[in-house]
Amino acid sequence: MSTLWQGRMSQEPSETLLEYTASIDFDQELAALDVLGSQVHVRGLERAGLLTRDETQTLLQALDQVATELAQGSFSFAPTDEDIHTAVERRVTQLAGKVGEKLHTGRSRNDQVATDLRLYTKRELLEVGFGIVSLVETLWARAEQSQAAVMAGYTHLQRAQPVLLSHYLLAHAWAFLRDLDRLLSALERVDISPLGAGALGGTSLPLDPAWTAAELGFGSVFENSMDAVSDRDFVAEALFVLALVGVHLSRLGEEVVFFASQEAGFFRLADADSTGSSMLPHKKNPDIAELARGKAGRLIGNLTGLLVALKGLPLAYNRDLQEDKEPLFDSARQVRLGLSAMAGLFERVEFEHAKMSEAAADASLMAVDLADYLVRKGVPFRQAHGRIAALVAQSLETGVDLKQLVRREADLGEQAAALCESATALEARVSRGGAGPQAVADQLGRFEKKLKDVKAALVAAQQNFSRVV
Ligand code: ARG
């Protein structure tokens, strides 16, 4: 018999059916986890009295052998191996003989594949989590080192106000820290074992889904067998988490492209993080940052594609669900690579402090600080705004320094003129979460605490998982 289901058919499956429906080319990725699931399933069968001690040992030995062959690349796939589950069962039966035919007792590929994929998603999200930690720690370390360095902060890509470089770096780091929080929360809903749900309705055999769930290191077990085999929310959530990390990498990437340009000149990328041109000998290009931007499209596409595949599906399992794997495998791999490329880039990037502070030195960037100065003297903000705007316009028209003009105004004068220096203006920016030195020092403390907490939760989740895998 060629396939697992040939018994029902009076004709061999057509070539095109096999080619069109096969998933073996990509679900090999699940091989080690599939074997793990089967090992636990076999022990569950023994526990239920459905396998003798000897039969159990024979099957477990065969599964070990299969795991070794898969890991060493010596496993030989047959043309009829439509997916990894078929391939493993076929080889186990070759190795173990007759008893191999008991492997699939009380199980369907529907609960099996969902189990494999949940284990995979847990493993990959944890990996991605540690990738986020590395990037966040890099941004944070560079923020701590950059001390009093000032740069121009932008809105609408127009210079807006001076900010500390550390404040800017932390702004990105907070976004990635939220991603980590979101990832941990998604993990809770990934961490549910579907094994024992069978094809859709459970089993009449005395299997114990709670026991296999615990053995596989899952935090909990399914409540409804139909839901268990058709639920791909965990894949959609993982793809969303990954897509949003991708969007954050993309936004950071866009700024790296801009700040590393000759036009801005804020960042100097290390040669190790730059590419050249095959024609123009002088070029040094920021391709990592550009691909961080470019690949976000594909990550969003992976999420969208899955949601569309799910939206009209009736309960319970439908083969459409096989389409869950490639986007997930792709997004997990791309995000892992992107995080580590970006972490390396930020470890090695040189900040051009002179250029950055020069961009922040233009007195008009302190316009709101001058308006605030008047506000403190009792001038309504809207009036103060108008007064300073007029001085800025006058300075632009006459070419006279804004600072000079401020000095000459009776209600502004020397004290206000001092605010035209970015360092002085920043000193005064004391509000919580603001861009001034004291506020940023406080923020760094809170950041460190939050990072420590989230990292501890990630490490705990990882320890729990590596107990099993
Ligand atoms: N390759 C299939 C998948 O990825 C495995 C489950 C097949 N189940 C079935 N009833 N045909 O979804």
Side-chain angles (χ1 to χ4, degrees), residues 1-9 11-38 41 66 70 75 77-93 103-124 190 192-203 212 216 222 224-236 238-239 302 305-332:
M1 192 150 38
S2 50
T3 61
L4 295 175
W5 36 265
Q6 202 52 40
R8 159 74 177 75
M9 310 296 179
Q11 291 179 330
E12 287 290 307
S14 75
E15 285 292 316
T16 42
L17 175 135
L18 290 177
E19 200 179 337
Y20 191 56
T21 59
S23 52
I24 189 69
D25 287 347
F26 49 88
D27 68 13
Q28 286 178 42
E29 182 88 25
L30 300 172
L33 299 171
D34 193 71
V35 171
L36 174 71
S38 288
H41 179 63
V66 169
L70 284 163
F75 188 98
F77 289 96
T80 46
D81 290 341
E82 55 170 307
D83 55 26
I84 189 63
H85 327 294
T86 309
V88 170
E89 185 176 335
R90 176 190 53 74
R91 182 69 182 136
V92 165
T93 310
L103 174 63
H104 210 51
T105 309
R107 185 177 69 171
S108 158
R109 280 181 299 164
N110 300 351
D111 57 343
Q112 186 178 2
V113 72
T115 306
D116 294 3
L117 201 60
R118 281 178 183 270
L119 290 170
Y120 172 89
T121 308
K122 268 170 78 169
R123 187 185 72 198
E124 292 299 307
V190 179
I192 302 166
S193 176
L195 191 60
L200 79 163
T203 172
T212 45
L216 286 168
F222 69 93
N224 178 307
S225 59
M226 291 180 85
D227 182 37
V229 292
S230 60
D231 173 12
R232 291 297 183 275
D233 296 1
F234 71 98
V235 184
L239 286 174
N302 286 341
L306 179 77
L307 288 174
V308 175
L310 292 180
K311 76 172 256 303
L313 284 192
L315 291 176
Y317 179 85
N318 301 271
R319 193 65 174 266
D320 316 44
L321 291 176
Q322 182 169 289
E323 291 294 306
D324 57 3
K325 287 167 207 63
E326 286 164 292
L328 181 63
F329 297 169
D330 181 52
S331 289

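All residue numbers in this chain count up from 1 along the given sequence. Atoms within each ligand, like the ligands themselves, are counted from 1 in listed order. Small disclaimer: the values here were computed from a predicted structure and weren't measured.
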Partner of V35 under side chain to side chain contact (heavy atoms under 4.5 Å, CB included), chosen from I84, V92, L70, L30
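Answer to the side chain to side chain contact (heavy atoms under 4.5 Å, CB included) test with V35 among I84, V92, L70, L30: L70.
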Protein residues having a heavy atom less than 4.0 Å from any atom of ligand 1:
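Residues S23, D83, H85, R109, N110, V113, Y317, R319, Q322, K325 each place a heavy atom under 4.0 Å from ligand 1, listed by chain and number.
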Looking at every heavy atom in both Q322 and T21, which two are closest together, and how far apart are they?
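That closest heavy-atom pairing would be NE2-O, 2.9 Å.
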Would you say the side-chain atoms of Q6 and T3 include a donor-acceptor pair closer than 3.5 Å?
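Yes, side-chain donor-acceptor contact under 3.5 Å.
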Would the distance check show the side chain of H41 and the main-chain N or O of T105 forming a donor-acceptor pair, the cut-off being under 3.5 Å?
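Here the side-chain-to-backbone pair exists.
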Is the backbone of R107 close enough, under 3.5 Å, to the side chain of Q112 for a donor and an acceptor to pair up by distance?
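Side chain of Q112 to backbone of R107: no pair is present.
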Residue Q28 excluded, over 12 heavy atoms near CD under 6.0 Å:
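Yes - once you tally the heavy atoms of other residues, nucleotides and ligands closer than 6.0 Å, there are more than 12.
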